[in-house]
Participant: 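Got a structure for you, written out below as structure tokens; questions coming shortly.
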Amino acid sequence: MENEMEIDDSHSKHRKEEKEGNGKALVVIMVGPPGSGKSTFCDLVMGASSRPWARICQDTINNGKSGTRAKCLSSAIAALKDKKSVFIDRCNLDKEQRADFVKLGSPEVDVHAVVLDLPAKLCISRSVKRTGHEGNLQGGKAAAVVNRMLQKKELPKLNEGYSRITICPSESDVEDAITTYSRLSSQDTLPSGCFGQKSSDAKIQVGIMKFLKKVDPPGSGSGSSMTPNSSPSLPVKEPKVRSEGSKPESFGGVSNEGEKEDPMAVESVADTVALTNSKDDSASLDTTDTLAFPSISTADFQFDHEKASDIIVEKVEEYISKLRNARLVLVDLTHKSKILSLVKSKAAQRNINPEKFSTFVGDITCLYSKGGMRCNVIANAANWRLKPGGGGVNAAIFSAAGPSLEVATKERANTLAPGKAAVIPVPADSPLFIREGVTHVIHVVGPNMNPQRPNCLKNNYDEGCKILREAYSSLFEGFVSILKRSEVQNHRGKRGNNASDQKMKREIVHVEERSKKNKGLKYEVGSGNTDLEQQNKSKSNVNSSKAWGSWAQALYSLAMNPEKHKSDVLETTIDVIVLNDIYPKAKRHILVLARLNGLDRLEDVCQEHLQLLKTMHQVGMNWTERLLLEDDSLIFRLGFHSVPSMRQLHLHVISQDFNSPHLKNKKHWNSFNTEFFRDAVDVIEEVEKFGKPSIQDEGLLSKELRCHRCKSAHPNIPRLKSHINNCKAPFPATLLQNGRLVQGTTKTDADS
DNA sequence: GTTCTAGAAC
DNA sequence: GTTCTAGAAC
């Protein structure tokens, strides 16, 4: 047994056993497909490390030939007995493969995972080129093996039993990890947690990334379908993930001759490559948000095409600047479409950027699968009852989406007035989502000129044009609201997430539209902000939709009658009251309370409160300065909770140590360390620009726990707290910008 | 917002 | 057995 073991011994005799310090042995489980560089990783660390290491390599453990998992286990146990740390150098791609090795952990032995999560194409090319690999995985077969293995890939999670996980999505991350482990002496331990994960769970990415696969260009309009051909053979060719893959008709009359590529590469490798590539920047190529919309009211509702096309172009022009990188596409079924050609020529006349707005001939329910155009949002020319059927686009969309869209629609609105729009997240089980990648349907009801249909305007085009304009405004506003929310999602994605797959999947699809307030109304988008303003004005402090519990009134009564609570108050002005938070969540945690009656929370804030917000911020800054005089090692952040628990708008001024016994649970942590916390500077800027601050969903409060500095994930509050006590990583760049963090003048950016 | 506690997770 | 979370009550 012993003599069969292939264990690379390095430096094992160089050091005497450490009597002092933690001196824990390590089991480092390498995770990665062939060609990811596991052996090289181990060799480099072992060559440089002062810690005694053994490398247990399944490929060579049996007298240079491959052995079994059991053999690796017994060798690892033997090495640990010998006070060595061990590398488990095998693919370990799924949880089950790793489980036995995780069990090697004990009070004396920490178990780590190091994931070499490099792009599949890189591993494949390394494997293919490899000539002297110990596992004899050479030549053409390599690619097939790598692909097959990656399909089973399951990223390790902390709850499998690791004290630390390092994920290396790029070669530079691998180098960093090599350095980290090389420097590890026998006494050293590394901080626990999950490091380096940049994307959300890969399993979700597969679904999303499929939309990035190259498809044929949409040809003559109805679109050619994707090549179904799938050859498992090699050589492997890099599939091109294209953003311009299927261009809609552009106004310049450019023809759509797509270059031909090896379809095999697309089908056989694309999934797995896309899967691993999902962590590359390149993978974000075709994630441009696109709204595909039919012409409203010009079909069954018989609206005049000339007038409608003017309005479409006018509204597109108006909204295009608000859309940043997003695109709008007007879709109709046939080339003969009069409305399409009218809009096309009018848009060209007005020099509307064809990158931002174009027309497309095809079926709006299968733009991706048949037309090769990825549109994450589609509009429906709905009827006022929001019911399926009736023919046309409405029937087609409800039918393509399956019954779940109708259910999702009914959850949010029962009817829709002409000119209004309703944003509906597409349920995850809908073919529209699964097959087409459509995340939202926006129902719009336009003006009706057809006497056979309800609400006929009897040729009153003054009213008709007004409603049609409103309809497009509502539609585009709805799209803008989706874009704003998806920005948050993207942030979350980049930060990574260890939440369960199912939960994440639900979040991605549904979280955007979830809200506690004004069910039914909330999803209806009126033109401009008028609805919201109306709501806020009419709301007053009495009929607020959310009732505040008696325990939630403390700040309110204090703001209204500060003289009754004198002892708690640090400062009172005509506009604000400053007090210590009675349950501080950090060394210093004070509140700046607005004194305006009726201004209960961030949601109530609008343009008229701009000056008050600035005052609150200024008072907060003044106090920050004072607190920094007492302790200039503190760093402060000033902001609001998106959805506060206590009534009366209050600004938190909180030091970023979060060192407090009152910080006890996930909600506490996430309320200050996710986008749920809205920096005062951002709120002020948004109110200046848009009249309202953006408010994030309470769902953020149940996100996994991540360090606010290094973004590593931690399984529970105590572990997070022990991590943040020591984490000296710099703050994320976004926090260092725009004065979101406030620190003493002696501090520099490098210190933070 | 907190406290309390059942029961899940370790 | 102990630790930790999450939901209900306040």
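Side-chain atoms are counted along with the backbone in the values below, which use heavy atoms only and exclude waters and symmetry mates. Letters go in sequence order (proteins before strands), and every chain restarts at 1.
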Participant: Under the ring pair (Phe, Tyr, Trp, His ring centres under 6.0 Å) test, which residues partner H650(A), sequence neighbours left out?
Facilitator: H652(A)

Participant: May I ask you to check whether H708(A) and F658(A) place their ring centers less than 6.0 Å from one another?
Facilitator: yes

Participant: Under 4.0 Å, heavy atoms only, any strand: does I717(A) hit a base, just the sugar-phosphate, or nothing?
Facilitator: sugar-phosphate

Participant: Please work out which of the three classes, parallel, tilted or perpendicular, describes the rings of F41(A) and F87(A), given edges at 30° and 60°.
Facilitator: perpendicular

Participant: Taking side chain as C-beta onward, heavy atoms only, is L93(A) less than 4.5 Å from V31(A)?
Facilitator: yes

Participant: Is K410(A) atom NZ crowded by more than 12 heavy atoms from other residues, nucleotides or ligands, each under 6.0 Å away?
Facilitator: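 Yes.
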
Participant: Base, sugar-phosphate, or nothing for K664(A), non-hydrogen atoms under 4.0 angstrom?
Facilitator: sugar-phosphate

Participant: Just the endpoints, please: which first and last nucleotides of DNA chain C, 5' to 3', lie under 4.0 Å from a heavy atom of chain A?
Facilitator: dC4(C) to dC10(C)

